[in-house]
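Numbers here are sequence positions counted from 1.
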Amino acid sequence: MEPSVVERLSTIVDKSGRELRSDDTWISVHDPAFDTPRQGWKLHVSARPGTLGETLDRVLPLLFSATCDFKVARSCEMLRELNSGDLDAGAVGKAITVYPPQDAVTELGHALAEALTGLAAPRVVSDRRVRPDAPVYYRYAPFAPQYKVDDNGDFELVVVGPDGETEPGTAGVEFTCPPWATDPFRPAAVDAPATAAPVQSQTAGRRIGGRYRVTTGVMRGPRGNVYRAEDKNGRAVVVKEARAYVGEHPEGYDLRMYLRNELRILTALAGVEGVPRALDHFRHGEDEFLAMTDAGTTDLNRHVAENGALGGRELADLAARLLAVLDAVHERGVVVRDLSPKNVVLSEGGDGRCTIIDFGTSRYEDLQMPGWSRGYSVPDQRTGRDSLPADDHFSLGATLYFAATGLNPVIIDSDADRAVERSLQCLARMSPGDGVVALVPRLMSLDPDVRTAAAAEIRAGRHATAAPHAPVATPKLTGDLLSAVLDHTRDECARFAEKLMNEPPDRRSSPPVTNVYAGSAGVGMELLQHPESRTIGEDLARWTAGNLPPAKLPPSLYFGLTGTNVFLTAARLEIAEPARTKGDERGDQAHGIAGIGAGHLILGDEATAAECARRLLAGDVAEPDEAVTIEQPGSGVAVDTAFAHGEAGIADFLLCFHEATGDQAAGTAAREAFTVLAKRTAALIDELNGPQARPMGASWCQGMSGIVSALLHAARAYDDAHHLDLAERGARACLAIAPRAWVSSQCCGLAGMGEALIDVALVTGDDAYWRGAEEIAELMLVRSGGETGRPVFPGNDLDTQAFTWGTGTAGILSFLRRLDRRSGPRLWTVS
């Protein structure tokens, strides 16, 4: 048996005086004689799992004879994971990373390339190759982490120029070179460095393999790109690329095998309506390409996002057309195995036609490639058993579930069978269950015979008028269940806090996030509200104060220092660093002056709050980002009216400042702002109750649930029945659309809506709003994983749990706590 990576390195390190360190992914070798620079040209050696040992045998003598630092994937198994792209898309091919002295980059790069000539390995797409016949690459990048922080409090890895300017330091999908750096292997390129031009401008017009001219719509990645292009006759085509040696399986095949399988399947399906036609298969270098007819740009995901969920005749037509394609496919002996909304392309002519795409994992003639789509593939497909046509009927049911609800199936639960049950509970909470929807539970049955019978109902034309399905039992919130869920969720957040505090600094991929929205301040502030976890919250506050990153943080309430300082003060700690505005802030609550002012009112700093009010009254604020002001007419979404990003949050702060200080100018401006807000809110409520409404229209960040709380503030301050009526109507509209909300969080989802209902319940004393908040909690439970009393709440990405306040479990805990206690204000508000 050949020696492992650790054994190879340890044998040499013991004789060389080098220092060896390791983590879960890498084994790093440091030369104490080398003063490692913070950034510069680094070298990457690519390798396949099966050739990692030979690669090390060839390059280790060179690396140990040179003055440099380097790291190696800790095992062949880890390299296989890196090359899959599943852990980090930018890591594909990077078996060895070398940090050389900058005056030795060229010499060492050529020496490594000479030693590895002829070895095949995955391409490192972020880098340039030293020479075409060896797997050695280079890129200008950070050697030691250095960051800048954006307005969202996110850390961006950067390289820093001679005048302090910064360029992105993270590996991208193609090579870039900062303008101040001279390419050590192509000095002539310094006059035209490959700086960050838009991807499209670098791709449009290029020819693939000399055969197809790229037009638009390129999807890029380390595994391979997908191009929209045209052939020599001007016909629109799609060209898929599979990069050599990426996703390599222990049995020896890689992603190119999936492309070959897709060609095999499309050849077998030639002439089937609703399936692309294979046009060409060719190699360019070691990569392979498959050209096929272009079905269009609107998949079912996009159609539902732009037009809302399907119903009635439209849904019935989709069900019949998809099943007709599946029947034709099955008649040819093919099982699709990956039917999902992203793989259903709808005709742009409005004629209802649809095309199923992506057959890389499909089964034909006793051969199928591994793969499954969580939530859309029948659960036991992941076992690799031989697939049957009835498996596609499950995927049909899940796809129709999405089309009818706008929701993806529940995928947070590790028990796939229970995830199916929860998905059907979601459906039961929002649908009358007749027509096509009545067949979805049967199509998603774990019994293939039941699925086959349900498909026969569609085939026979009985799906449009199917009788309602038997009701699916869903959780009902009792006092005992709420207490159990609350205790479990609090304990989960506490465990997360302890894990965060115990993580060794050298294991962190970036500086700790300490803000409200996505960091320790949000989690810790909620823990302080519970006697059982207050001590952990105080510990987390001390940890936060000691781990504020050196990068200059924004001053904002939710994404920066103001919110963190509110947390530290609540934990009875001194503020480590005051929040200082720069003069270029927006006006809103989430990122801007209104939030900074509100936070300083909480802190008792009226002077800073007064400066924020002055700037708002003078219009001394920056315009919101274009991305934040996008509207969806008719959907109920109005970002510039909402609490987080718009008028409601600004009006609320001005009223808070007036109430705290008696400032008349702020009071007048607040009353005028609420008058305008009331008019806009009435229109938004009508939209939110309309057929084009979107769940985001009820959110805290972009919609009604934040507006409701601001209107309640105005109703109390002005003793105004109209503002109270609008708040109640808005809360009821949020509750009506809540079953269609796809996330559970404070910012974008159910927790924010639930908090609005609690706010109305506290003001009105109307038990109906408490019952509405309980319905929100029930919806959260059917979207969760785990046991009903011990739920695993998904973050905004739906497939993993997050503990953040804005998009994860800590914010959900805030809602559950207020629901359980039936008291208390929203966190991060002046009240």
For the residue pair [Y] / [X], report whether a side-chain donor-acceptor contact shorter than 3.5 Å exists.
X      : Y      : value
Thr564 : Asn515 : no
Trp805 : Ser814 : yes
Thr544 : Asn547 : no
Glu755 : Gln746 : yes
Tyr517 : Asn152 : no

Does any N or O in the side chain of [X] come within less than 3.5 Å of the main-chain N or O of [Y], such that one atom is a donor and the other an acceptor?
X      : Y      : value
Ser705 : Ser699 : yes
Gln381 : Gly371 : yes
Asn343 : Asp338 : yes
Asp391 : Ser387 : no
Ser395 : Tyr376 : yes
Asn307 : His303 : yes
Asp392 : Arg337 : yes
His488 : Pro791 : yes
Thr829 : Arg826 : yes
Asn502 : Glu498 : yes

Validation row: [X], [Y] side chains within 4.5 angstrom (heavy atoms):
X      : Y      : answer
Phe155 : Leu553 : yes
Arg302 : Pro341 : no
Met780 : Ile776 : yes
Thr405 : Trp742 : no
Pro379 : Leu446 : yes
Cys734 : Leu757 : no
Val782 : Val410 : no
Thr807 : Asp797 : no

As a quick check of understanding, evaluate side chain to side chain contact (heavy atoms under 4.5 Å, CB included) for Thr681 and Met704, giving each step before the final call.
CA-CA 8 Å; Thr681 300; Met704 188 57 60; 4.0 Å; yes
Atom [atom1] in [X], atom [atom2] in [Y]: separation rounded to 0.5 Å?
X      : Y      : atom1 : atom2 : result
Ile536 : Phe496 : CD1   : CZ    : 12.5 Å
Arg490 : Leu527 : CZ    : CG    : 9.5 Å
Ser520 : Leu540 : OG    : CG    : 5.0 Å
Phe643 : His713 : CZ    : NE2   : 9.5 Å
Leu724 : Leu711 : CG    : CG    : 9.5 Å
Trp828 : Ile602 : CH2   : CD1   : 7.5 Å

Minimum heavy-atom separation for [X] to [Y], with atom names?
X      : Y      : value
Gly808 : Ser745 : N-CB, 4.2 Å
Ile758 : Ala773 : CG1-CB, 3.9 Å
Phe793 : Gln801 : O-CG, 3.2 Å
Pro695 : Ala741 : CB-CA, 3.6 Å
Cys493 : Leu813 : SG-CD2, 4.0 Å
Arg821 : Pro531 : NH2-CD, 4.0 Å

Got more than 12 heavy atoms from elsewhere within 6.0 Å of CZ, Arg374?
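Enclosed.
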When you look at CD of Glu532, are more than 12 heavy atoms from neighbouring residues, nucleotides or ligands closer to it than 6.0 Å?
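Enclosed: over 12 neighbouring heavy atoms sit under 6.0 Å from CD of Glu532.
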Considering only NZ, NE, NH1 and NH2 on the basic side and carboxylate oxygens on the acidic side, decide whether [X] and [Y] come within less than 4.0 Å.
X      : Y      : value
Glu538 : Arg534 : yes
Lys342 : Asp299 : no
Asp491 : Arg790 : no
Arg817 : Asp820 : no

Passes salt bridge (Lys or Arg N to Asp or Glu O under 4.0 Å), Arg385 versus Asp380? Steps please.
CA-CA 8 Å; Arg385 64 154 175 82; Asp380 65 349; 2.8 Å; yes
For a side chain to side chain donor-acceptor pair (under 3.5 Å) check, start with the C-alpha distance between Arg451 and Ser445, then their side-chain angles and the critical distance, and finish with the verdict.
CA-CA 6 Å; Arg451 300 197 297 267; Ser445 168; 5.5 Å; no
For Phe567 and Leu528: C-alpha separation, side-chain torsions, deciding distance, then whether side chain to side chain contact (heavy atoms under 4.5 Å, CB included) applies.
CA-CA 9 Å; Phe567 166 48; Leu528 291 177; 3.8 Å; yes
For Leu486 and His530: C-alpha separation, side-chain torsions, deciding distance, then whether side chain to side chain contact (heavy atoms under 4.5 Å, CB included) applies.
CA-CA 10 Å; Leu486 179 67; His530 303 261; 4.2 Å; yes
Relative to each other, are the rings of His591 and Phe559 parallel, tilted or perpendicular (30° and 60° limits)?
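Answer is parallel, since the angle falls under 30°.
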Evaluate ring pair (Phe, Tyr, Trp, His ring centres under 6.0 Å) for Trp700 paired with Tyr558, printing each intermediate quantity in order.
CA-CA 13 Å; Trp700 172 82; Tyr558 289 92; 5.1 Å; yes
How far apart are the C-alpha atoms of Val344 and Leu322, what are their side-chain angles, what is the distance that settles it, and do they pass the side chain to side chain contact (heavy atoms under 4.5 Å, CB included) test?
CA-CA 9 Å; Val344 174; Leu322 279 175; 3.9 Å; yes
Determine, stepwise, if the pair Glu774 / Arg771 fulfils salt bridge (Lys or Arg N to Asp or Glu O under 4.0 Å).
CA-CA 5 Å; Glu774 291 170 354; Arg771 178 57 198 147; 3.1 Å; yes
Per the salt bridge (charged side-chain N to carboxylate O under 4.0 Å, His left out) rule, which among Arg422, Arg429, Arg783 passes with Glu778?
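Among the candidates, only Arg429 passes.
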